[in-house]
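So that the names make sense, note that chain A is the first sequence line, chain B the second, and so on, each numbered from 1. Values reported hereafter were calculated over all heavy atoms of this structure, with side chains retained and with hydrogens, waters and symmetry mates removed.
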Amino acid sequence: MSPLALYDTLTRTTQPFTPLKPGEVSIYLCGATVQGSPHIGHIRSGVNFDILSRWLTKSGYAVTFIRNVTDIDDKILQKAVLEQMPWWALAMKYEREFTNAYAALNVLPPTYEPRATGHITQMIELMKTLIERGAAYAPGNGDVYLSVRTLDSYLTLSRQKLDDLLSSQDSESSFKKDPRDFALWKAAKAGEPSWPTPWGTGRPGWHLECSAMAHAYLGEAFDIHGGGLDLIFPHHENEIAQSQAAGYAFSNIWMHNAWVTTSGEKMSKSLGNSLRVSELLKHFRGIELRWYLGSAHYRSMLEYSREALEESATGFRRIESFLYRAGELLGAPAVASLSQSFTDAMNDDLAVPAALATISESLRLGNSAITSGDMAVLAKSANEIRGALEVLGCDPFDLSFVTGANADETNALDGVIQLALAQRAAARDRKDFAASDAIRDGLIALGITIEDTPQGPRWSISRTEER
RNA sequence: GGUGGAGUGGCCGAGAGGCGAGGCACAGGACUGCAAAUCCUGCUACACGGGUUCAAAUCCCGUCUCCACCUCCA
């Protein structure tokens, strides 16, 4: 069996994965800055790293997964003014939207989900350490800056040279010793929230929270740090700078997911509401949206189109309906197992597209087995498909996706349809196809699909979505 | 200006020197009273121009186009 190999942004290579502690994996993922509603790009990151976490767990590791919520930053304060509510109410509002979106797409809750505002103490401690070590300074106005010129390893993740960077347009740079130094802490402004520190009252800069929280929950060194591509610089560079200047080894490897793009362009918050998770969930089930977002390799851009999403959903329903049929024929739902080819694909830096090809293969074999009546092959195919779907977080039997349908109502509906099907069967027996087709067409018009199988007719609710 | 990514068949989307990824769509066939579902067959593509090699989508040189980051970002 091939061992798990992962791509590391720092070395730009794919290497066999070796955890710092045998049998354990610690992951820190930059989660949401809760300043707006989640769109599918945000949630793709959640899905990609959820697949990573599930695969590590499936591979036998004890996974500690930390995904933070940044609930204080410039944009949150701006939006709070705009939406005329306290900044903390705004942050909570959007945090809930993210939580709901994650749940709808079956993204497992992290081991812990720390909020920036709950870790001011840890941030102050970190700044003290940095100042003691001469890596940070407080110019006296309440700001605290990190002195990037003191660091040898600064910008190694993004492979840039400090002097090549465009200078920031930062108006407060007068307090900086070097224009490229960045703020760990920002002095209080009138009307803005602030916390007391030894250097004056203020609030966190953007990057400090992640270093402080990663240290608090994962220690000085941990295995994997993840986030979107656009976080490489400056966010992750600055996290590295803060943490390593404090004497911590920090993350062993770095993983970055690519974006969802539209018309070749990165999805930005100015594109409107159409690609909000909540909007798409009106037309697609969470499991279908997840299947789509997870289907491309995590390091490849996913070019969003409505057509591609619809196709993807159709493809998923085909797999799903096979599992239901297999369950009916076998008398019990499939039991998750993993094929070697699926395992090999996942071990190759989470090659989900290759893994999906193995599902297609199993599906073809399984459908053939239904025709030939080969129950052993059918069971094997169904089990492997369910195992694969489970790892991808798209197991239709997963309780997270099973809606709370009322058993009495379901039975009643089944009874009514069986009654209609019996009438149709009687019509067919007397070759009255006009009558039998009228019954079938009537059911189709109600959104109920009829399939004639060797085991008798099956019915299912059509998933044709409304527009 | 610096750094990085991308261009693959009608569409989506892998691969990264040699054995046609896969899916969707489409066409033909099997099955069916007709459908649906399913299976079988077909569809041989890698931006452009050179080069290296027995062999290039893949490596090298050049060109074009697009995208991203450079202290707001998944």
Colleague: Round to a whole Å and report the spacing from CD1 of A:Ile232 to P of B:C67.
Modeller: 19 Å

Colleague: Which one, B:C69, B:C24, B:A37, comes nearest to the side chain of A:Lys266?
Modeller: B:C69

Colleague: If you measure from the C1' atom in B:U38 to the same atom in B:G9, how many Å do you get, rounded?
Modeller: 26 Å

Colleague: Report each atom pair, protein N/O against N/O of nucleotides 27-31 of chain B, whose distance is under 3.5 angstrom.
Modeller:
none

Colleague: Mapping A:Ala434 and A:Ala183 onto RNA chain B by nearest heavy atom, which one lands closer to the 5' end?
Modeller: A:Ala434

Colleague: With rounding to whole Å, what would you report as the distance between B:G23 and B:U41 at their P atoms?
Modeller: 11 Å

Colleague: Considering only side-chain heavy atoms of A:Phe233, which listed nucleotide, B:A74, B:C72, B:C69, is closest?
Modeller: B:C69

Colleague: Could you tell me which nucleotide pairs with B:U44 by Watson-Crick or G-U wobble geometry, both distances under 3.5 Å, or answer none if nothing does?
Modeller: none

Colleague: Nearest to the side chain of A:His207 - B:C69, B:U71, B:G22?
Modeller: B:U71

Colleague: Look at the side-chain N and O atoms of A:Arg317 and state whether any lies under 4.0 Å from the OP1 or OP2 oxygen of B:A37.
Modeller: no

Colleague: Mind checking if A:Val352 touches a base, just sugar-phosphate, or nothing, with heavy atoms under 4.0 Å?
Modeller: nothing

Colleague: Are any side-chain N or O atoms of A:Arg364 and backbone N or O atoms of A:Ile359, one a donor and one an acceptor, separated by less than 3.5 Å?
Modeller: no

Colleague: Give the B/S/- string for nucleotides 3-19 of chain B, one per nucleotide from 5' to 3', where a protein heavy atom under 4.0 Å of the base yields B, of only the sugar-phosphate yields S, and otherwise -.
Modeller: SS--------SS-----

Colleague: Relative to each other, are the rings of A:Tyr217 and A:His119 parallel, tilted or perpendicular (30° and 60° limits)?
Modeller: perpendicular

Colleague: In terms of side-chain heavy atoms of A:Arg424, which of B:C34, B:A74, B:U71 is nearest?
Modeller: B:C34

Colleague: Within this structure, what is the CG-to-P distance between A:Leu157 and B:G2, rounded to whole angstrom?
Modeller: 21 Å

Colleague: Within the supplied structure, the quantity of interest is the number of heavy atoms (other residues, nucleotides, ligands) at a distance under 6.0 Å from A:Arg115 CZ; does it exceed 12?
Modeller: no

Colleague: Would you say the base of B:A37 and the side-chain of A:Asn367 have a donor-acceptor pair closer than 3.5 Å?
Modeller: no

Colleague: To the nearest 0.5 Å, what is the distance between CZ on A:Arg149 and CG on A:Asp178?
Modeller: 4.5 Å

Colleague: Mind telling me whether A:His225 and A:His236 have parallel, tilted or perpendicular rings, with 30° and 60° as the class edges?
Modeller: perpendicular

Colleague: What's the CG-P distance between A:Leu356 and B:C24, to the nearest Å?
Modeller: 12 Å

Colleague: Using the P atom on both, measure B:A47 against B:A14 and round to a whole Å.
Modeller: 15 Å

Colleague: Check every atom of B:G23, B:G33, B:A74 against the side chain of A:Ser436 and return the nucleotide holding the closest atom.
Modeller: B:G33

Colleague: What nucleotide, of B:U71, B:A21, B:A74, holds the atom closest to the side chain of A:Ala357?
Modeller: B:A21

Colleague: Tell me yes or no: between the side chains of A:Glu239 and A:Ser211, is some donor less than 3.5 Å from an acceptor?
Modeller: no

Colleague: Hydrogens and angles aside, do A:Asp71 and A:Tyr94 bring a side-chain donor and acceptor to less than 3.5 Å of each other?
Modeller: no

Colleague: Is there a side-chain polar atom (N or O) of A:Arg318 under 4.0 Å from OP1 or OP2 of B:C24?
Modeller: yes

Colleague: Quick one: the side chain of A:Arg440 and the base of B:C34, do they pair up donor-acceptor inside 3.5 Å?
Modeller: yes

Colleague: From C-beta outward on A:Tyr154, which listed nucleotide comes closest to its side chain: B:A74, B:A21, B:U71?
Modeller: B:U71

Colleague: Are the ring centres of A:Tyr7 and A:His297 closer than 6.0 Å?
Modeller: no

Colleague: Once you apply the 3.5 Å cut-off to both distances, tell me the Watson-Crick or G-U wobble partner of B:C66, or none.
Modeller: B:G5

Colleague: Between P on B:G23 and CH2 on A:Trp291, what's the gap in Å once rounded to a whole number?
Modeller: 12 Å

Colleague: Please report the distance, rounded to the nearest Å, between NE2 in A:His235 and P in B:A68.
Modeller: 21 Å

Colleague: Verify the distance criterion only: is there a donor paired with an acceptor across the side chains of A:Asn238 and A:Gln242 at less than 3.5 Å?
Modeller: no

Colleague: Could you please name the partner base of B:A21, counting Watson-Crick and G-U wobble pairs only when both distances are under 3.5 Å?
Modeller: none

Colleague: Can you tell me, in whole Å, how much space there is between the C1' of B:G13 and that of B:C72?
Modeller: 32 Å

Colleague: Give A:Asp452 one of three labels, base, sugar-phosphate or nothing, depending on what nucleic acid heavy atoms sit under 4.0 Å from its own.
Modeller: base

Colleague: What integer distance in Å separates A:Ile43:CD1 from B:A74:C1'?
Modeller: 10 Å

Colleague: What's the gap between B:A74 and B:U65 when it is taken at their P atoms, as a whole Å value?
Modeller: 31 Å

Colleague: Starting at atom CG of A:Leu363, determine the distance to atom C1' of B:C39, rounded to an integer number of angstrom.
Modeller: 11 Å

Colleague: Whole-Å distance between B:U38 P and A:Ile450 CD1?
Modeller: 16 Å

Colleague: The side chain of A:Thr449 lies closest to which of these nucleotides: B:A36, B:C69, B:U71?
Modeller: B:A36

Colleague: Taking atom P in both B:G50 and B:G18, compute the distance separating them and give it to the nearest angstrom.
Modeller: 23 Å

Colleague: Fit a plane to each ring of A:Phe98 and A:Tyr102, take the angle between them on a 0 to 90° scale, and name the class: parallel (under 30°), tilted (30 to 60°) or perpendicular (over 60°).
Modeller: tilted

Colleague: For A:Gly315, which contact category applies under a 4.0 Å heavy-atom criterion: base, sugar-phosphate, or nothing?
Modeller: nothing

Colleague: Is there a Watson-Crick or G-U wobble partner for B:C59 with both distances under 3.5 Å, and if so, which one is it?
Modeller: B:G51

Colleague: According to a cutoff of under 5.5 Å between the ring centres and under 30° between the ring planes, does A:Phe433 stack with the base of B:G33?
Modeller: yes

Colleague: Looking at A:Lys93, I'd like to know if its NZ atom is crowded, meaning that more than 12 non-hydrogen atoms belonging to other residues, nucleotides or ligands lie closer than 6.0 Å.
Modeller: yes

Colleague: Nearest to the A:Asn238 side chain among B:C72, B:U71, B:C34, which nucleotide is it?
Modeller: B:U71

Colleague: Less than 3.5 Å between a donor and an acceptor, one on the side chain of A:Asp437 and one on the base of B:G33, is that the case here?
Modeller: yes

Colleague: So what's B:G33 paired with, Watson-Crick or G-U wobble, going by both distances under 3.5 Å?
Modeller: none

Colleague: Do the rings of A:Tyr28 and A:Phe222 sit parallel, tilted or perpendicular, given the 30° and 60° boundaries?
Modeller: tilted

Colleague: Please give the distance between the C1' atoms of B:C40 and B:A45 as a whole number of Å.
Modeller: 24 Å

Colleague: Do A:Thr453 and A:Glu451 have side-chain N/O donor and acceptor atoms under 3.5 Å apart?
Modeller: no

Colleague: When you compare B:A6 with B:A16, how far apart are their C1' atoms, in angstrom units rounded to a whole number?
Modeller: 14 Å

